[in-house]
Amino acid sequence: MPFPKPAFRAHGLGLELIAAACALAGGASAQTVSALPAAPVPAPDVPAPQRVEITGERSGGEMQERRQSTVARTVIGREEIERFGDASLGEVLKRLPGVTLDGAPGRGGNPRLRGLGGGYTQILLDGERTPPGFEIDSIAPEQIERIEILRAPTAETGARAVAGTINIVTRESFRKRLNDLRLSLGLEDGRWSPGLSWTRSGGDGALSYTFGANAVHTRFNTHSVSTLEQDVAGMPTLRRQESTDGATERRRLTLNGRLQWKLGEGEAFTLTPFAILSGTDSRRHGALVQDPAATAPYTQLDGRGQADFNLLRLSAQRTQRLGDGTRLEWRAGAGRWRYEDEVERFKRNASDSPLPGESDQATITDQRWNAGVKASTLLADAHSGVAGLELEGARREELRTYLSDGLPRFPGYGTGLQARSQRVAVYAQDEWEINRHWAAHAGLRWESIETRGEGLDGGQRNRSAVWSPLLHAVWKPDPKRRDQLRMSLTRSYRAPALNSLVGRPLLSVNNSATSPDRAGNPALRPELATGLDLSFERYLPGGGLLSAGVFHRRISDLVRYETLPPAPGERWVNRPHNVGDATVQGLEFEAKVALREFMAPAPSVDLRASANFYRSRVESVPGPDNRVEQQPGMSANLGADWTLRALPLKVGANLHWTPGYVTRLSPTETAVQGRKPVFDAYALWTVSPTLGLRLSASNFSSPDYVRGSVYDDGTLYESARTVSRSYVDWMLRVEMKL
């Protein structure tokens, strides 16, 4: 990156150097030198001082970590995380190469690598898998130290990463004292959202610590229009349109910390607490128009909801060194989260008379523990090995009730669910630098998961075990240059989630072919994927990067949800099944360059761009559009940051583009997803080294969010479509270093 260089004055420099040399040598002092008679010397023609700039490469940092890693690994540091002043972590992730979100524009969402959602992307928090139902947006960007993205699985990080792994590392302990306070005020559609974030770190003797707190009160509006059309044997039977307006308030407090005691050379004990307290209140009003009107379930609907989410997690780590140079890392952790949700609906018919009130209540409790040990040692020069054991247990309890005027609406469907799971994993991997041209990384992992559940279908048990061989290599044609080729041949898998295994259904309010109940399947098998990754990287002298890659996944026992016609008088139910094989492949391009690398007098502008193209095919589903579920045809990012020379100002913008696409889920079902162009911009004014003002606009393009589904079995045709409005989210933030 370019570094500004001071201009040097040449006048009198020779006498000053002579005087300093004499003083250091113990000879004549500076005063003696200045007293010597000076011979008249003609004044030389000294050129005017010139501005000197030297461009150098970053010797360390995230780019260097990426370059030196044997595995395809991208590291995102604090500078990039806080660049736009995002209110949620999902908004940070969407600007990273190959990452897309499943939520509405400007609303964050679950991140996906290579367009693959639904568990294909492994999400880790401090190296541990996040529990089901955990929202990544509940973590504030200010509490994140770095984000690591692995495009292919490794034995150490886990093989449940068909698309890759995103590891979110919370703020670490520092010896350097840090006391940062950030105050923010957001504005969306006329509603204000205040926020506060505080980070404190330091040390005292053998103890170093970091604590963080983030409190935010988010307010936003929603507006959507949903349409439903039904035809039977080609004749229209139902047309429905419902407009809904809502208002939501969310209060969230997130606390995190890291305490580390240094016990000796290379030995330490670390505690990592993490807590989330969140509450949401929502109101909505809907107006429904239906043809024929006589069959309309209601014409006016008012609803209110309240939800609470609490999470507490504590992890401990003990690092120990043995006499032979082996390093042991003991890890243990336990966590619990609880979600409570209550929704009430008040309906009126065409004559404005009240209908029976409805109430849905849900309470979900999830408790988890994990333990493990990892041993790493240096086998020889530039040759290291790692082996480990992991244990994990989870218990999940669900209680759901569906009431109408205080009485059960569906008495035959039960209310309770209990499920347990146990996981055991053993792995070993070897990483070595073969010579100046080649480096390799090989691993083997065995993982077993057993699930037991009790629900509507009675007691259920599912057990799966997978061997995962993993091989990575890096080839440098010329070690003196900056080019390298990465190769990976891996086996990964996706294990069914608990809610996919237990047969108890999750009931739909307006049950139909396009809005069915959801239930699990105890007989599901894990999906296995054989993967090949190839990428070429060129690291530029100024710290930039050019990269191009290709990947391929062959998936067996693909799981796909399918809705089958019910028996007369029964409800529509959507269940998962293993449907056969599928292939996923794509091209990936990335560039990070400074404009000065091409034009020396250019402004200080950093450019970044990425483009990813995907193709997938499910063999058991007829085409066209028989892609893997929720995978777009492409995604792209284009961004720039400009640091002004004359002002203490930095501005930047980014365009994230995901086109719309159609997915054929089965011979009778199709899903539709609209395009998602998201444009963000920011400006940072550095008032002083300890004070900055940041103004950002997220989702500046504010496109409508379109989703839809179609069911067509030749007799029944049903089409559902929802169009939701999105808004620009303005954010003003004061950043202080106390």
Side-chain angles (χ1 to χ4, degrees), residues 104 188-191 219-232 235-250 279-307 340-362 400-413 415 505-518 566 569-572 704-709 711 716-727:
E188 180 181 302
D189 192 34
R191 306 195 69 189
R219 301 180 178 93
F220 59 88
N221 297 326
T222 58
H223 174 77
S224 63
V225 177
S226 300
T227 57
L228 177 69
E229 298 182 0
Q230 284 184 352
D231 294 347
V232 176
M235 298 296 295
T237 58
L238 181 65
R239 297 291 183 270
R240 177 188 297 171
Q241 178 173 295
E242 183 173 12
S243 300
T244 304
D245 291 282
T248 300
E249 292 194 20
R250 181 176 298 150
T280 303
D281 295 319
S282 60
R283 300 286 187 273
R284 69 165 181 154
H285 173 76
L288 184 144
V289 178
Q290 182 170 302
D291 182 24
T295 61
Y298 56 87
T299 57
Q300 301 288 328
L301 183 148
D302 289 287
R304 61 172 179 243
Q306 181 176 355
E340 295 180 309
D341 182 24
E342 180 178 2
V343 177
E344 295 180 294
R345 290 181 293 273
F346 306 94
K347 302 177 181 179
R348 292 183 174 272
N349 58 21
S351 60
D352 203 30
S353 299
L355 298 173
E358 298 177 353
S359 173
D360 299 344
Q361 298 177 351
R400 297 181 183 271
T401 58
Y402 304 89
L403 305 177
S404 177
D405 276 354
L407 300 176
R409 293 207 312 274
F410 312 106
Y413 281 83
T415 60
L506 180 63
L507 302 182
S508 170
V509 176
N510 296 316
N511 186 265
S512 68
T514 56
S515 181
D517 299 340
R518 300 273 289 196
E570 298 291 332
R571 295 172 62 87
W572 291 88
D704 288 341
Y705 183 50
V706 181
R707 294 156 294 161
S709 58
Y711 180 91
L716 172 65
Y717 173 87
E718 182 172 306
S719 172
R721 185 173 186 264
T722 299
V723 180
S724 302
R725 185 181 301 167
S726 69
Y727 305 90

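Just so you know, these numbers use all the heavy atoms, side chains as well, and skip hydrogens, waters and symmetry mates. Computed from a prediction, not measured in an experiment: that's the story for all the values here.
- Under 3.5 Å, the side chains of Asp245 and Asn221 contain no donor-acceptor pair of N or O atoms.
- Nearest heavy-atom pair across Tyr705 and Ala104 is CD2-CB, 3.5 Å.
- Every residue was checked against the side chain to side chain donor-acceptor pair (under 3.5 Å) condition with Thr227, not counting sequence neighbours, and none meets it.
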Would Gln290 and Leu228 satisfy side-chain contact (heavy atoms from CB on, under 4.5 Å), going step by step from the backbone distance to the final call? CA-CA 9 Å; Gln290 182 170 302; Leu228 177 69; over 6 Å; no

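- With contacts defined as side-chain heavy-atom distances shorter than 4.5 Å, the pair Pro297/Arg240 qualifies.
- Here the CD-CG distance, from Gln241 to Asp291, works out to 12.0 Å after rounding to the nearest 0.5 Å.
- With sequence neighbours left out, Glu358 forms a salt bridge (Lys or Arg N to Asp or Glu O under 4.0 Å) with Arg345, Lys347.
- Rounding to the nearest 0.5 Å gives a distance of 11.0 Å between CZ of Arg219 and CG of Asp281.
- Residues Ser724 and Arg707 have side chains that bring a donor and an acceptor to within less than 3.5 angstrom of each other.
- A distance-only check finds a donor-acceptor pair linking the side chain of Arg409 to the backbone of Leu403 [under 3.5 Å].
- The backbone N or O of Thr514 lies less than 3.5 Å from a partner atom in the side chain of Glu718, making a donor-acceptor pair.
- A donor-acceptor pair under 3.5 Å links the side-chain atoms of Arg239 to the main chain of Gln230, judged by distance alone.
- Rounding to the nearest 0.5 Å places CH2 of Trp572 at 12.0 Å from CG of Asp517.
- Listed here is the closest heavy atom pair of Ser243 and Val225: OG-CG2, 3.9 Å.
- Rounding to the nearest 0.5 Å places CD of Glu249 at 12.0 Å from CD of Gln306.
- The two residues Pro236 and Asp231 come nearest to each other via the heavy atoms CA-OD1, 3.2 Å.
- His285 pairs by the side chain to side chain donor-acceptor pair (under 3.5 Å) definition with Gln300, Asp302, not counting sequence neighbours.
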Would you sort out whether Leu288 and Thr299 count as a side-chain contact (heavy atoms from CB on, under 4.5 Å), showing the intermediate values? CA-CA 5 Å; Leu288 184 144; Thr299 57; 5.5 Å; no

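- You'll find the side chain of Ser359 reaches within 4.5 Å of the side chain of Gln361, heavy atoms only.
- Rounding to the nearest 0.5 Å places CZ of Arg283 at 10.0 Å from OG1 of Thr248.
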Are Glu344 and Glu342 close enough, and set up right, to give a side-chain contact (heavy atoms from CB on, under 4.5 Å), and what steps lead you there? CA-CA 7 Å; Glu344 295 180 294; Glu342 180 178 2; 4.3 Å; yes

Criterion side-chain contact (heavy atoms from CB on, under 4.5 Å) on Thr244 and Thr222, from CA distance to verdict: CA-CA 8 Å; Thr244 304; Thr222 58; 5.9 Å; no

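- Heavy-atom minimum distance, Thr722 versus Ser224: CG2-CB, 4.2 Å.
- For the residue pair Ser508 and Ser515, a side-chain donor N or O sits within less than 3.5 Å of a side-chain acceptor on the partner.
- In terms of heavy-atom proximity, Leu355 sits nearest to Tyr298 at CD1-CB, 4.0 Å.
- Atoms CZ and OG, on Arg721 and Ser709 in that order, are 12.0 Å from each other to the nearest 0.5 Å.
- Looking at every heavy atom in both residues, Ala247 comes nearest to Arg191 through CB-NH1, 3.4 Å.
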